[in-house]
Number of protein chains: 4
Amino acid sequence: MKEYRNKEVLIFQSAWELFSEKGFHDTTISEIAKKTGIGKGTVYEYFKSKEELVQKMIIFNLENAHEESVCSIKGIESPEEKLRIIGKIDIDRGMDILKTMKILQMIDDFDKVNMKNNVFEILNKRFIMIEGVIQEGMEKNIFNVDKSINGTVLYIGTMNNAMMVRNFTEERFVDMDNILEFIITKLKG
Amino acid sequence: MKEYRNKEVLIFQSAWELFSEKGFHDTTISEIAKKTGIGKGTVYEYFKSKEELVQKMIIFNLENAHEESVCSIKGIESPEEKLRIIGKIDIDRGMDILKTMKILQMIDDFDKVNMKNNVFEILNKRFIMIEGVIQEGMEKNIFNVDKSINGTVLYIGTMNNAMMVRNFTEERFVDMDNILEFIITKLKG
Amino acid sequence: MKEYRNKEVLIFQSAWELFSEKGFHDTTISEIAKKTGIGKGTVYEYFKSKEELVQKMIIFNLENAHEESVCSIKGIESPEEKLRIIGKIDIDRGMDILKTMKILQMIDDFDKVNMKNNVFEILNKRFIMIEGVIQEGMEKNIFNVDKSINGTVLYIGTMNNAMMVRNFTEERFVDMDNILEFIITKLKG
Amino acid sequence: MKEYRNKEVLIFQSAWELFSEKGFHDTTISEIAKKTGIGKGTVYEYFKSKEELVQKMIIFNLENAHEESVCSIKGIESPEEKLRIIGKIDIDRGMDILKTMKILQMIDDFDKVNMKNNVFEILNKRFIMIEGVIQEGMEKNIFNVDKSINGTVLYIGTMNNAMMVRNFTEERFVDMDNILEFIITKLKG
DNA sequence: AATGAATGAGGGTTCATTCAT
DNA sequence: AATGAATGAACCCTCATTCAT
């Protein structure tokens, strides 16, 4: 994984909070700088443009989240247990993933090539990791789905959607742990 | 359902295409007016602001889509068949729903009260309609889920996610009809 | 000659005064707008960019000046008299030509193709007009130069330089009328 | 002539190339430092500001050019020959003089007092040197002009203008040696 | 009702200059 | 003496909104 300069990461953190709260267009470079405690021009010492900043920030966040998932299932045997662990992390970081998707939506008219080559590559890594776990579960006759891709979209979609509903309603009547077990049951069933 | 003036609907159509293609901030009122074939000032005869336009447009679209779903399952007995019909419509209009979500993401820093009272209300109607079908299926012992909300987020999430994946990859290797049957199987299982 | 919109010409006039006084980079669009008595955004209704404004302004000025010269020698027989008339106009508008050259200098790293196709084309017209007069004078044995181009650079260069010296020194010890007669004498000699 | 520190001259050389290629405003201190192979801050060890740098650079260049002209005509008797030698040097360094004028144009909104006292003083020296040669030629009945200043603006103007035309057209159809002889003929005639 | 010329607040970006090392 | 990271003033340009016609 790429090495990041100290201040770069600080900028990521401020930008992250502001972007996910107010959106891409309604967050100004000035605000990011102020929140980081640096001058406006300094942001441009680290990023060529606002667009580059948000792209690199997303990559940074996605890479970190993916890294965490990958590490956490190392040495685990059972595919079911793997999925459960990944799910717990997703729940803990749940808001982050939703926010990333939200910010991603806002920039999908950016230079598509960069999107494909950078951001999408990592989203894909995550997709493939989960598909791998489900595939493994199918081979071990633990999961029962006709195609691994179907199980994957079921897992990711249900998790994201549940979190979105929880987020939208603001009331916490959506029990994420219960949802996770429900998904696993369905994948097994 | 609210009555719409002729030109209002024309504006919705232009705005819809532009917003979903270029995003909220990158679409200008000028462009919308031009595409509609009217003057820039005329847009302001129908909508107080760009914000009001996009909110009303989303409501218009969601209401239409919801209406279509509701009508199409009238007179259908089997909950499984109901879900299949709703699913087919969702697939046909699939891109529309994704685009609505995308536009919604972009404006969620708008006046929250309006969001709650207007847009969310309709999203909620749809959620409730599907939850109703699943509840009905549970009572008739056709669907087997512990809570109707879990089945609902599974249905909506998996559908949306599958469409998003299909959309992102651009290749059409995601077979939506297969996904739909997969979801129904899982809800039954 | 191109038709100009009313406000376009007003902008040219303000811009002209500011550019020639303070230079291209040190004149802001805000200042031009203020001097014209219009809003900043209005300038951009007429010109796509500051660069386009200055280019069109130069073309406007050069065309006007050229037009005046061409008209004024219509019906004049003697090449000597033609040159004298052109010279008088040049002296009257002397500062304008210098200022145009000065502004031209400032923008010569602009899109060279446009430069060549637009601005240079008009400068060239003027060069050719004067060369034509000198050529005619050579044929009528009034002017005595080996090549018409030499006479042309002598006329234009001496006039410009004399005006520049007069301009630099600010004292008016350079007598332009005397210079003009001197040039004609030399061309005849 | 003022003594210059080693690095000062190196900065002059980089700045000269960049200013004449890209203009004053489009050349950054960073670029100058980089081209010189020193740090940005170092430039400010030698010059208080960008403005001071360009002024001192112009003075340095003009002094050098003037020095060369003055030396080259030492010991020459004939005023005609003197002018021919100065002309040859001007042709060799021709682009330099034009570039200096160009840069000068760009900075004439600088502190006028400094302009007058420094830059103009040297331009004036050159003017006076040439005027002196022409005056001498008039006294020896070699040159035939009514006022020495007229001959001077004819010489300088025609040379500069011919070089500018040569520069603009990019084709080399302007024969500078021929122009020089033409000027001398006219001054004699 | 319909228009589009006019507006100016606001944001991204640049770059001369400073200063701690 | 030398450096380059940090700064923020300043400017070009966009575009939602207004209003006279």
Side-chain angles (χ1 to χ4, degrees), chain A residues 5-8 11 24-34 36-54, chain B residues 5-8 11 24-34 36-54, chain C residues 5-8 11 24-34 36-54, chain D residues 5-8 11 24-34 36-54:
Chain A
R5 278 177 292 174
N6 211 319
K7 209 163 279 186
E8 216 170 351
I11 294 172
F24 178 69
H25 285 93
D26 293 334
T27 300
T28 68
I29 293 289
S30 274
E31 287 172 310
I32 295 172
K34 195 173 214 172
T36 315
I38 60 178
K40 198 193 329 186
T42 310
V43 175
Y44 286 88
E45 292 287 321
Y46 292 87
F47 307 99
K48 277 205 302 290
S49 66
K50 196 185 180 188
E51 189 174 316
E52 189 188 289
L53 163 55
V54 75
Chain B
R5 277 178 293 174
N6 210 324
K7 210 164 275 186
E8 217 169 352
I11 294 172
F24 178 69
H25 284 93
D26 292 336
T27 300
T28 66
I29 294 289
S30 267
E31 288 172 309
I32 294 171
K34 195 174 207 174
T36 315
I38 59 176
K40 203 192 319 189
T42 310
V43 175
Y44 284 88
E45 294 288 326
Y46 291 87
F47 307 99
K48 276 207 309 289
S49 66
K50 194 185 180 188
E51 189 174 317
E52 190 190 286
L53 162 56
V54 75
Chain C
R5 280 177 291 174
N6 211 320
K7 210 162 277 185
E8 216 171 349
I11 294 172
F24 178 70
H25 285 92
D26 292 334
T27 301
T28 69
I29 293 289
S30 272
E31 288 171 310
I32 295 172
K34 195 173 214 171
T36 315
I38 60 178
K40 199 198 323 191
T42 309
V43 175
Y44 287 90
E45 293 285 322
Y46 292 86
F47 307 99
K48 277 206 302 290
S49 65
K50 195 185 180 188
E51 189 175 316
E52 190 189 287
L53 163 57
V54 76
Chain D
R5 277 178 292 175
N6 211 323
K7 210 163 275 186
E8 217 170 351
I11 294 172
F24 178 68
H25 284 92
D26 293 335
T27 300
T28 66
I29 293 289
S30 269
E31 288 172 309
I32 294 171
K34 195 173 207 173
T36 315
I38 60 177
K40 201 191 324 189
T42 310
V43 174
Y44 285 86
E45 294 288 327
Y46 291 87
F47 307 99
K48 275 209 308 290
S49 66
K50 195 184 179 188
E51 189 174 317
E52 189 189 287
L53 162 56
V54 75

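Residue numbering restarts at 1 for every chain, and letters A, B, ... go by the order of the sequence lines.
Between the CD1 atom of A/I32 and the P atom of E/dT13 there is a distance of 11 Å, given to the nearest Å. Going from atom CD of B/E8 over to atom P of E/dA2 covers 12 Å, rounded to whole Å. The CG atom of A/N6 sits 14 Å away from the P atom of F/dA5 (whole-angstrom rounding). A straight line from CG of D/D26 to P of E/dC15 spans 8 Å, rounded to a whole angstrom. Straight-line distance from the CD atom of C/E31 to the P atom of F/dA10: 12 Å, rounded to whole Å. Regarding D/E52, its CD atom lies at a distance of 15 Å from the P atom of E/dA16, rounded to whole Å. In this structure, C/H25 places its NE2 atom 11 Å from P of E/dA16, rounding to the nearest Å. Remark: P of F/dA10 and NZ of C/K50 are 15 Å apart, rounded to the nearest angstrom.
Scanning both residues, A/T42 and A/K7, for their nearest heavy atoms gives CG2-CD, 4.2 Å. Of all heavy-atom pairs between D/E45 and D/R5, the closest is O-NH2, 4.2 Å. Between D/K40 and D/I29 the shortest heavy-atom distance is CG-CG2, 3.9 Å. Summarising the geometry of A/E52 relative to A/K48, their closest heavy-atom pair is OE1-NZ, 3.0 Å, with the distance given to 0.1 Å.
Contact check of residues 40-49 of chain A against DNA chain F (heavy atom, cut-off under 4.0 Å) returns A/K40, A/G41, A/T42, A/E45, A/Y46.
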Item to complete: For DNA chain E, just give me the dot-bracket, please: Watson-Crick or G-U, both distances below 3.5 Å, ( ) intra-strand, [ ] crossing earlier pairs, | paired with another strand, . unpaired.
Response: .||||||||||||||||||||
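Within 4.0 Å of B/K7, counting heavy atoms only, lie sugar-phosphate atoms of the nucleic acid but no base atom.
Closest to the side chain of A/I29, out of F/dA16, E/dG12, E/dC15, is E/dG12.
Distance check: B/T36 OG1 to B/E31 CD gives 11.0 Å after rounding to the nearest 0.5 Å.
Mapped onto DNA chain F by nearest heavy atom, A/I38 and C/T27 fall at different nucleotides, with A/I38 at the one closer to the 5' end.
The side-chain heavy atoms of A/I32 and A/K50, taken from C-beta on, include no pair separated by under 4.5 Å. Considering only heavy atoms from C-beta on, C/I11 comes within 4.5 Å of C/I38 through its side chain.
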